[in-house]
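Reading through the structure tokens given below for one structure.
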Amino acid sequence: MMEREALEMDVVFVGAGPANLSGALHLTRLVKAHNEAVASGAKAGKALGEIEIGVIEKGSSVGAHILSGAVMDPRALKELLPDFVEQGAPLESLVKEDYFLYLTEKRAIRSPITPPPLKNHGYYIVSLNRLTAWLGEKCEEAGVNIFPEFPGAEMLYDAEDRVVGVRTGDKGIDKEGKRKPNFEPGVDLLAKVTVLGEGPRGSLTKQLTQRLKLDEGKEPQVYSVGVKELWELPDDRYPTGRVTHTLGFPSDTQTYGGGWIYGMQNRILNIGYVTGLDYRDPLLDPHAEFQRFKSHPYVSKLLEGGKMLRYGAKTIAAGGYFAMPKIYADGVLLVGDCAGFLNSQRLKGIHSAIKSGMLAAEAIFEALVASDFSAKQLQRYEQLVQSSWIMPELRKVRNFHAGFKHGRWLGIVNTGFQFITGGRAWGLFDRSKAEPGHEVMKRLSDYNYKGDNLEQRYNGLRFDGKITFNKLTDVYHASVGHDEDQPVHLHVLDTNICATRCVEEYGNPCQRFCPAAVYEMVDDGANGKRKLQINFSNCVHCKTCDIMDPYQIINWVTPEGGGGPDYKGM
Ligand SMILES: Cc1cc2nc3c(=O)[nH]c(=O)nc-3n(C[C@H](O)[C@H](O)[C@H](O)COP(=O)(O)OP(=O)(O)OC[C@H]3O[C@@H](n4cnc5c(N)ncnc54)[C@H](O)[C@@H]3O)c2cc1C
């Protein structure tokens, strides 16, 4: 048995995203206000004394793994830090104009009206990477301990299955699993409450959900993946503060998808494409969809003469209201995207992530005062969420994503219809008929495809190195780094399937759905067969593989701390 250091804290937040950082910051203030009120006699009861709050983050720094659009609804940030503008929050611009375009293959048709969910007046364009780093500084100023390069690798439970903390990942293990000279065992961070704010498809959230059946009676979570680049334009052709959303090309009518183009400061263009991870075509490749989006005449004209600076990809939990797991259990709470708080109709989750973090802080504060960390006490978090503005917002769009299951046009009809019904839907559009995305993928034979040649879907798509790029070029721009001498963190539980059934049935779709060229089928010596090669050092931690693999045999676990992308300015 390995000797491990155990560190006792009061509250440990796993993941330094907007949800957890807001939670940690809010908690410090609640505790401080309580202690001061008790000391001055304004409040009865006992002071809490010093409360040790830790935030662990797998990235090399706070924000390194944060990737978003992002147009931020400032509602929650205003509640957390009413003077966030004066305090110097890194904001690119207020949204000055909204464009909504329908793209056919050759044309861009601007809608005379912007659909209400895509109206962004009063919102801010932000780099969420920068905003998160800034929130991290605010936390540290308030006394929160932040530990970058510390992935939460395992949940810790007591004999009654109560969560008692988290074990961080070991460092210095070689690819054979042996200890290197720099070996350091992970630490057991013991906490009264552990808060998971891992973002979409959190690896610990997945373990916890399975073990405690937090998703029992809930609809399966469904996801999308956003693939994105930052560009530097040669002139002011796209103004700072303009927000464009697109529908149509290049998604086929059966696939949920759409593009965004946001004007940041200094002629930086933020451009990306979202593809629903409940697509049918096994040859679909979300990275290729994005490249086709950029090759549209309207978009390529915008990018002409510009320079691509950065690349990234990340999933989005789009299931909403019906797919939210139970968000509390003994000793543990779920916040932000890993609890499913994102509003997929607006493609906005920053505001609800911040708010959920704050509500978690309030529930934890009450638990600290009561000295009770049981599920019964922590259920208070659920009550706070239910009575906050988060739930009415999510209820209104509860059947949004389900409509797109029947294709783009019925999806749009359903969206319009729900404005009238306040989110109610029947029959075809009812969310209760949701399927997990990986079950929706059809086989090659259903499409009459012969093998996995991409030309069958992406006939004519070329990577010209100017507007369109292949995956490896793009991944280079994600500044990904992983020590190559470590165990592979993408666990494929049965590689036989890859070389046999999957070749025939789906043509190894991992090679396509991964936006970072991690999965590659290579020749397996003289037998004429192919085998799976995992280029794990390319991994951008988007989690698409864990979600989309049709056999559900890919398990994404945290690699050694500090590995992964570095999304500066994204
Ligand atoms: C492409 C894209 C576009 C988007 N556009 C918008 C938009 O325009 N507006 C908007 O409001 N929202 C948008 N969103 C959604 C928004 O980004 C999220 O809702 C928000 O970031 C959720 O915050 P979070 O704190 O829950 O999780 P995240 O922001 O995902 O942060 C989670 C953090 O936890 C860390 N972590 C994960 N697992 C572990 C572990 N086991 N150990 C240690 N650390 C861990 C991660 O590295 C990361 O730093 C978009 C998302 C994407 C992907």
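Atom set for the values below is all heavy atoms of this structure, side chains included, hydrogens, waters and symmetry mates excluded. Every number for a ligand or one of its atoms is a count from 1 in the order of the listing.
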Residue selection (non-hydrogen contact nearest atom 9 (N) of ligand 1) among V225, T315, V243, V71: V71
Option nearest atom 26 (O) of ligand 1 (shortest heavy-atom distance, choices T168, D337, L204, T205): D337
Residue, atom name and distance, where the atom is the protein heavy atom closest to atom 32 (C) of ligand 1: G197 O, 3.4 Å
Contact with ligand 1 for P200, non-hydrogen, under 4.0 angstrom: yes
Shortest protein contact, atom 16 (C) of ligand 1 (heavy atom only): S68 OG, 3.5 Å
Non-hydrogen atom of M72 closer than 4.0 Å to ligand 1: no
Identity and distance of the protein heavy atom lying nearest atom 3 (C) of ligand 1: G69 N, 3.0 Å
Residue W260 vicinity, atoms of ligand 1 by number, heavy atom under 4.0 Å: 1 (C)
Ring geometry between Y311 and H287 (parallel below 30°, tilted from 30 to 60°, perpendicular above 60°): perpendicular
Closest approach of S224 to V274 (non-hydrogen atoms, all atoms of both residues): CB-CG1, 3.6 Å
Identity and distance of the protein heavy atom lying nearest atom 52 (C) of ligand 1: I316 CG1, 3.5 Å
Closest non-hydrogen atom pair, F341 against M324: CE2-CE, 3.2 Å
A19 contact mode with ligand 1 (heavy-atom cut-off under 4.0 Å): both
Identity of the nearest option to atom 42 (N) of ligand 1, non-hydrogen atoms only, from G136, A70, G152, A317: G152
Side chain to side chain donor-acceptor pair (under 3.5 Å) between Q291 and D474, intermediate numbers included: CA-CA 11 Å; Q291 302 308 313; D474 259 333; 3.2 Å; yes
H491 atom NE2, over 12 foreign heavy atoms within 6.0 Å: yes
Ligand-residue contact atoms, ligand 1 with G336, heavy atoms, under 4.0 Å: 26 (O)
Proximity to ligand 1 by part of V62, non-hydrogen separation under 4.0 Å: neither
N343 versus K396, side-chain donor and acceptor atoms under 3.5 Å: no
K348 neighbourhood, listing ligand 1 atoms whose heavy-atom distance to it stays under 4.0 Å: 9 (N), 10 (C), 11 (O), 12 (N)
Per atom 29 (O) of ligand 1, closest listed option by heavy atom (G59, A313, P18, G199): P18
L196, L347, I56: member with heavy atom nearest to atom 7 (C) of ligand 1: L347
Mutual orientation of the aromatic rings belonging to W556 and H541 [parallel < 30°, tilted 30-60°, perpendicular > 60°]: perpendicular
Numbered atoms and elements of ligand 1 in range of H65, under 4.0 angstrom, heavy atoms: 47 (O)
Part of F150 with heavy atoms under 4.0 Å of ligand 1, whether side chain, backbone, both or neither: backbone
More than 12 heavy atoms from other groups under 6.0 Å of OH on Y102: yes
4.0 Å heavy-atom contact, G202 with ligand 1: no
Residue A353 vicinity, atoms of ligand 1 by number, heavy atom under 4.0 Å: 22 (C), 23 (O)
For atom 37 (C) of ligand 1, closest protein heavy-atom neighbour: E198 O, 3.2 Å
Mutual orientation of the aromatic rings belonging to H477 and F469 [parallel < 30°, tilted 30-60°, perpendicular > 60°]: tilted
Closest protein heavy atom (residue, atom, distance) for atom 28 (P) of ligand 1: K314 NZ, 3.6 Å
C542 backbone acceptor or donor facing R201 side chain under 3.5 Å: no
Candidate pair Y273 and S251, rule side chain to side chain donor-acceptor pair (under 3.5 Å), full reasoning: CA-CA 10 Å; Y273 201 80; S251 291; 2.7 Å; yes
Ligand 1 atoms in contact with L67 (distance to a heavy atom under 4.0 Å): 52 (C), 53 (C)
Exercise: do H482 and E560 side chains pair donor with acceptor under 3.5 Å: no
W389 and H351 aromatic ring geometry - parallel, tilted or perpendicular at 30°/60° bounds: parallel
Residue and atom name of the nearest protein heavy atom (relative to atom 49 (O) of ligand 1), distance in Å to one decimal: E57 OE1, 2.6 Å
Plane angle bin for W260 and Y262 - parallel if under 30°, tilted between 30 and 60°, otherwise perpendicular: tilted
Ligand 1 atoms in contact with L128 (distance to a heavy atom under 4.0 Å): 17 (O), 21 (O)
Residues, nucleotides or ligands: over 12 heavy atoms within 6.0 Å of K218 NZ: yes
Pair E198, T205: side-chain N/O donor-acceptor within cut-off below 3.5 Å: yes
Ligand 1 contact on T558 by region, counting heavy-atom pairs under 4.0 Å: side chain
Proximal ligand 1 atoms for L342, defined as those under 4.0 Å from one of its heavy atoms: 15 (C), 19 (O)
L21 and ligand 1 - part of the residue with a heavy-atom distance under 4.0 Å: neither
